Amino acid sequence: MDYDELEMKNLIEEIRKHVKKSVKKERYEHSVRTAEFSARMGRIYQVDDTRCYLAGISHDICKNLSDSEMLKLASRDGRAISALEAENPQLLHGRAAAVFMQEQFGVSDAEVLQAIASHTFGGAHLCPLAKILYAADKIEPGRPHVTSEYLEKLLKMDLDSLVATIIKENVAYLRSKGKTAAPATLEFLAELTGESGDLNGNQA
């Protein structure tokens, strides 16, 4: 995927228009905020901000697909569908979006596709762009818990520490609701922090 500046601008605009007509108004607005915040994080952490924006505007492009469409698209990425994903096909919207971006828009940038595919759970061995999108999706300024003070504190951290902080907050929230984080998310956190053990806080 080797676009010049104008070609990239046109691609992003084409995708933005598709997102706007394909998802609900609130989801579209979230996608725009996530794209803008991803680009901001890219400038801070020295990752190309245009590619960060592309990943951000695209990440929920398949959010309104039916369960059967989601499963069909995601299965084309060559990875197994987990039991959790099979029971909750909406969890596949990132993987479906990555396939959709390849097939419908010709996006071949491996890091952009990894970011889109992994933004729900995270995972091990993610590139910086994927870490940025994972974080931006969770802390874009429209999220109810996000304040300017909260963002200021996070954006002073290095990227891995920022992402680990967000995951730990999410794990704690899920635990308060009697739920557990996905294995891929815990693997992601363990890699970021070097910690091991039962991060869901379950008793042995």
Side-chain angles (χ1 to χ4, degrees), residues 15 18-35 37-38 55-104 107 112-126 129-140 142-146 163-192 198-203:
I15 292 166
H18 185 93
V19 173
K20 188 172 185 178
K21 72 180 182 182
S22 300
V23 301
K24 296 176 182 177
K25 179 176 181 286
E26 294 79 9
R27 180 64 51 185
Y28 168 71
E29 292 170 350
H30 160 71
S31 297
V32 171
R33 290 193 302 267
T34 299
F37 198 74
S38 293
I57 199 65
S58 309
H59 78 289
D60 278 350
I61 199 168
C62 290
K63 191 73 173 180
N64 279 19
L65 294 182
S66 67
D67 287 356
S68 60
E69 289 174 312
M70 202 86 73
L71 282 161
K72 185 178 179 180
L73 256 183
S75 66
R76 295 210 288 271
D77 70 5
R79 294 163 47 200
I81 304 291
S82 71
L84 177 63
E85 290 168 329
E87 291 170 10
N88 304 276
Q90 280 294 315
L91 296 174
L92 289 164
H93 72 273
R95 288 175 56 183
V99 173
F100 186 83
M101 293 298 291
Q102 288 178 280
E103 295 181 352
Q104 299 298 316
V107 174
V112 170
L113 294 173
Q114 183 191 66
I116 295 168
S118 62
H119 79 267
T120 303
F121 296 130
H125 315 307
L126 295 188
L129 197 162
K131 293 175 182 177
I132 283 172
L133 179 59
Y134 177 88
D137 180 41
K138 311 295 187 287
I139 61 170
E140 55 90 348
R143 295 288 192 184
H145 68 287
V146 174
V163 177
T165 298
I166 293 167
I167 297 172
K168 287 178 179 178
E169 290 173 354
N170 189 49
V171 170
Y173 172 77
L174 290 171
R175 193 184 305 158
S176 75
K177 300 293 185 181
K179 300 178 180 179
T180 57
T185 304
L186 298 181
E187 187 179 4
F188 190 22
L189 179 58
E191 182 182 83
L192 291 167
D198 189 346
L199 297 166
N200 269 317
N202 297 323
Q203 297 298 315

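No experiment lies behind these values; they were computed from the predicted model shown. The chain is numbered in sequence order, starting from 1.
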Where the side chain of Arg143 meets the backbone of Asp137, is there a donor-acceptor pair that is under 3.5 Å apart? yes
Give a yes or no on whether the backbone of Leu84 and the side-chain of Asn88 come within a donor-acceptor separation of less than 3.5 Å. yes
Roughly how far, to the nearest 0.5 Å, is CG of Leu113 from CG of Leu129? 10.5 Å
Partners of Lys177 by side-chain contact (heavy atoms from CB on, under 4.5 Å), sequence neighbours excluded? Tyr173, Lys179
Could you tell me how the ring of Phe100 sits relative to the ring of His18: parallel (under 30°), tilted (30 to 60°) or perpendicular (over 60°)? tilted
Going from CD on Gln104 to OG on Ser58, what distance comes out if it is rounded to the nearest 0.5 angstrom? 12.5 Å
Please identify each residue that fulfils side-chain hydrogen bond (donor to acceptor under 3.5 Å, both in side chains) with Ser75, with sequence neighbours left out. none
Which value, rounded to the nearest 0.5 Å, describes the distance between Thr165 atom OG1 and Asn170 atom CG? 12.5 Å
Answer yes or no: is there a side-chain heavy-atom contact under 4.5 Å between His119 and His93? yes
Find the distance between CD1 (Ile166) and OG1 (Thr185) and round it off to the nearest 0.5 Å. 12.5 Å
If you look only at pairs with a residue in residues 84-99, which of them pass as a salt bridge (Lys or Arg N to Asp or Glu O under 4.0 Å), with sequence neighbours excluded? Asp77-Arg95, Glu85-Arg95
Compare every heavy atom of Pro89 with every heavy atom of Met70, then report the nearest pair and how far apart it is. CG-O, 3.2 Å
Quick one: closest heavy-atom pair of Leu192 and Ala164, and the distance? CD1-N, 3.9 Å
Heavy-atom pair of closest approach, residues Thr34 and Leu133: CG2-CD1, 3.8 Å
With sequence neighbours excluded, residues passing side-chain hydrogen bond (donor to acceptor under 3.5 Å, both in side chains) with Gln114: none
Under the rule for side-chain contact (heavy atoms from CB on, under 4.5 Å), what residues qualify as partners of Ala124, not counting sequence neighbours? Glu187, Glu191
Should the pair Glu169-Lys138 be classified as a salt bridge under the 4.0 Å nitrogen-to-oxygen rule? no
Measure the CD-CG distance between Gln102 and Leu73 for me, rounded to the nearest 0.5 Å. 10.5 Å
Tell me whether Gln90 contacts the main-chain N or O of Asn64 through its side chain, where contact means a donor paired with an acceptor under 3.5 Å. no
Tell me the salt bridge (Lys or Arg N to Asp or Glu O under 4.0 Å) pairs involving residues 57-70, sequence neighbours left out? Arg27-Asp60
Trace of the side chain to side chain contact (heavy atoms under 4.5 Å, CB included) decision for Met101 with His59: CA-CA 9 Å; Met101 293 298 291; His59 78 289; over 6 Å; no
Minimal non-hydrogen separation, Ile132 against Ser38, with atom names: CG2-O, 3.7 Å
Nearest 0.5 Å, please: how far is CZ in Phe121 from CG in Leu186? 11.0 Å
Assess whether atom NE2 of His125 is packed by more than 12 heavy atoms of other residues, nucleotides or ligands within 6.0 Å. no
Can you check whether Ile57's main-chain N or O pairs, donor with acceptor, with Ser31's side chain at less than 3.5 Å? no
Taking every non-hydrogen atom, the tightest pair across Phe188 and Lys131: CZ-CG, 4.1 Å
Between Tyr134 and Val163, does a side chain to side chain contact (heavy atoms under 4.5 Å, CB included) hold up when you go through it step by step? CA-CA 8 Å; Tyr134 177 88; Val163 177; 4.0 Å; yes
